[in-house]
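Just below is one structure, and these are the notes that go with it.
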Protein chains: 2
Amino acid sequence: MKLGDGVEAAIHCAALLTGLQGDATLPAAALAEYHDLSPSYLLKHLQRMVSGGILESVSGPSGGYRLARPAESITLLDIVLAVEGSAPAFRCSDLRKRGPGALDASAYLKPCGINIAMLKAEQVYRQALAATRLSDLVKEFLDEADPRSVDRGCAFVDARQRQPR
Amino acid sequence: MKLGDGVEAAIHCAALLTGLQGDATLPAAALAEYHDLSPSYLLKHLQRMVSGGILESVSGPSGGYRLARPAESITLLDIVLAVEGSAPAFRCSDLRKRGPGALDASAYLKPCGINIAMLKAEQVYRQALAATRLSDLVKEFLDEADPRSVDRGCAFVDARQRQPR
DNA sequence: GTAGTGTTACTCGGATAAATATTGTCCGAGTGACATCGG
DNA sequence: CCGATGTCACTCGGACAATATTTATCCGAGTAACACTAC
């Protein structure tokens, strides 16, 4: 039960990109600098988010990343699935069909109860993640966090964002 | 988001140990044979369960493993935590305190909102796991599964269990 | 002054190595059963 | 025949490699801005 380290970075980056105005973009280098992360590695996670349809990337000078859709329609689940992959955490290797207790296929019409229970729990987990939208997180941050922190974030985005075309 | 492979084995073993009578034990070799797993590796997971207070181990000839408490008071969460460790899946590395946006500690009195959201989802996940007891799984198996499969399991346990002392 | 064009610098993207965690294996310490020996 | 004792075989437990996954890095392809030249 472990979640990759890149998920946190991905969420923070998505949250920061919320501050962009219009269809401006922010380069990966700026995102890495703001979070003090290795730029080359952060790219991998950003690319995953592009593949997942959460971010858009623009090439060339004044290029960078921006959200592919409104922050209201991006959930934590979307980000986690994009970065970590959508495979379920628990993979049933059909242990019951192996060893001396094994029978022919006709004995296993019903799915493994253990698998069902585990998958059900994970489904609940995903629902909880899906209930939190990126806009909620940002809103809470703007309301609750130290104003200086908010100012710094906005100032950074304003200074580094690029308006393409 | 990945769950170790040993969790499945651990749950199956615990379920099989439910079939023991009295304070009999079943050796790890028998558990491994029944599930067609490498015995030496299965030991690692069994040991974790012993550390977690789910199983008891008996040394020497006619030794082996048995449940440390009734199957009604063992949940899937207990097993998962024992095998995978109790650390949360999402570890907040306090990204917000790094990089050019960082401030002194007084700016971070409230915990990171992202961390809270992720941990809350995981808490829901754990509650779902905690709601499923080992006895429920076994009962469902006895009721729903193919009778031949049940018979094989019981026969195996009866043949290999040892009554210590 | 303006439009066209070539160069340039900056961006992302994927292929490539290092580090870490997980998976799998082995050998040693402990313990109860069994056979043997004595009463 | 019964009990004590020494040996033995079987068990778990922890230390040791091999593999897979994750983390980190580098270099190349593409693109738009910029400068220069011609009109």
Side-chain angles (χ1 to χ4, degrees), chain A residues 1-10 13 17 23-33 35-52 54-66 68 80 83-85 87 89 91 93 95 160-165, chain B residues 1-10 13 17 23-33 35-52 54-66 68 83-85 87 89-91 93 95 160-165:
Chain A
M1 187 65 193
K2 220 189 70 177
L3 216 53
D5 196 25
V7 174
E8 185 184 6
C13 287
L17 289 177
D23 55 353
T25 64
L26 204 59
L31 287 168
E33 180 192 340
H35 297 107
D36 191 26
L37 295 170
S38 98
S40 353
Y41 183 45
L42 185 60
L43 273 178
K44 174 162 291 184
H45 302 304
L46 295 173
Q47 286 166 20
R48 292 254 179 96
M49 290 210 277
V50 172
S51 297
I54 298 172
L55 300 186
E56 280 177 354
S57 69
V58 176
S59 287
S62 82
Y65 291 93
R66 70 177 157 231
V80 171
V83 175
E84 288 284 310
R91 298 145 312 192
S93 47
L95 228 51
R160 303 291 289 269
Q161 70 178 337
R162 312 273 175 78
Q163 205 71 233
R165 288 211 159 267
Chain B
M1 189 64 194
K2 222 189 68 178
L3 215 54
D5 197 26
V7 173
E8 185 184 6
C13 287
L17 289 177
D23 55 354
T25 64
L26 204 60
L31 288 167
E33 180 192 341
H35 298 107
D36 191 25
L37 296 170
S38 97
S40 353
Y41 183 44
L42 185 59
L43 273 176
K44 175 163 292 182
H45 303 304
L46 295 173
Q47 286 166 20
R48 291 251 178 98
M49 291 210 276
V50 171
S51 297
I54 298 170
L55 301 187
E56 280 177 353
S57 69
V58 177
S59 287
S62 81
Y65 292 93
R66 68 177 157 230
V83 175
E84 288 285 309
F90 183 83
R91 297 144 313 190
S93 49
L95 230 49
R160 303 292 289 268
Q161 70 179 336
R162 311 275 174 78
Q163 206 71 230
R165 289 204 158 274

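In the text below, chain A, chain B and the rest are named by the order of the sequence lines, each starting its count at 1. Below, all heavy atoms of this structure are taken into account, side chains as well, without hydrogens, waters or symmetry copies.
Side-chain N/O atoms of A/S57 include one lying less than 4.0 angstrom from OP1 or OP2 on C/dG13. In this model, the phosphate group of D/dC10 is not approached by any side-chain N or O of B/S62 to a distance below 4.0 Å at OP1 or OP2. At the phosphate of C/dG13, OP1 or OP2 sits under 4.0 Å from a side-chain N or O atom of A/Y65. When the side-chain nitrogen and oxygen atoms of A/S38 are compared with OP1 and OP2 of D/dT25, one or more of them lie within a distance under 4.0 Å. Put simply, B/Y41 has a side-chain N or O that comes within less than 4.0 Å of OP1 or OP2 on C/dT23.
Nearest-nucleotide positions on DNA chain D place A/D5 closer to the 5' end than the other of A/G60 and A/D5. Between A/V58 and B/E84, the residue anchored closer to the 5' end of DNA chain C is A/V58, taking for each the nucleotide with the nearest heavy atom. Residue whose closest nucleotide on DNA chain D sits further toward the 5' end, between B/S59 and A/H45: B/S59.
When side chains are defined from C-beta on, A/Q163 counts as touching A/D23, because their heavy atoms get closer than 4.5 Å. Residues B/R66 and B/L17 have side chains not in contact (no heavy-atom distance under 4.5 Å, counting atoms from C-beta outward). Contact check for B/L26 versus B/R162: no side-chain heavy atoms found under the 4.5 Å cut-off.
Note: CD (B/E33) to P (D/dT11) measures 12 Å, nearest angstrom. Following rounding to the nearest Å, A/M1 (CE) and C/dA21 (C1') show an atom-to-atom distance of 17 Å. Following rounding to the nearest Å, B/E8 (CD) and C/dT23 (P) show an atom-to-atom distance of 12 Å. The separation between A/R91 atom CZ and C/dT22 atom P is 12 Å, rounded to whole Å. Computed from coordinates, the A/R162 CZ to D/dC34 C1' distance equals 14 Å when rounded to whole Å. Straight-line distance from the CZ atom of A/R48 to the P atom of C/dG13: 13 Å, rounded to whole Å. Distance CG (A/L37) to P (D/dT25): 11 Å, rounded to an integer number of Å. Distance CG (B/L3) to C1' (C/dT22): 13 Å, rounded to an integer number of Å.
The two atoms that bring A/S93 and B/E8 nearest to each other are OG-OE1, 2.6 Å, heavy atoms only. Closest heavy-atom contact between A/A89 and B/M1: CB-CE, 3.7 Å.
For B/K44 against C/dG24, a side-chain-to-base donor-acceptor contact under 3.5 Å is present.
Comparing D/dT21, D/dC10, C/dT11 by their closest approach to the side chain of A/P27 singles out C/dT11. In the set C/dG13, D/dA9, C/dA21, the nucleotide with an atom closest to the side chain of A/L43 is C/dG13. Set against C/dG13, D/dC12, D/dA32, the side chain of A/Q47 has C/dG13 as its closest nucleotide.
Nucleic acid contact class of B/G6 (heavy atoms, under 4.0 Å, all strands): none. Here A/A29 lies out of heavy-atom contact (under 4.0 Å) with every strand. Counting non-hydrogen atoms under 4.0 angstrom, B/S40 reaches a base of the nucleic acid.
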What donor-acceptor contacts under 3.5 angstrom involve side-chain atoms of residues 39-48 of chain B, with partners at least two apart or in another chain?
residue : atom : partner : partner atom : Å
B/Y41   : OH   : B/H45   : NE2          : 3.3
B/R48   : NH1  : B/V83   : O            : 2.7

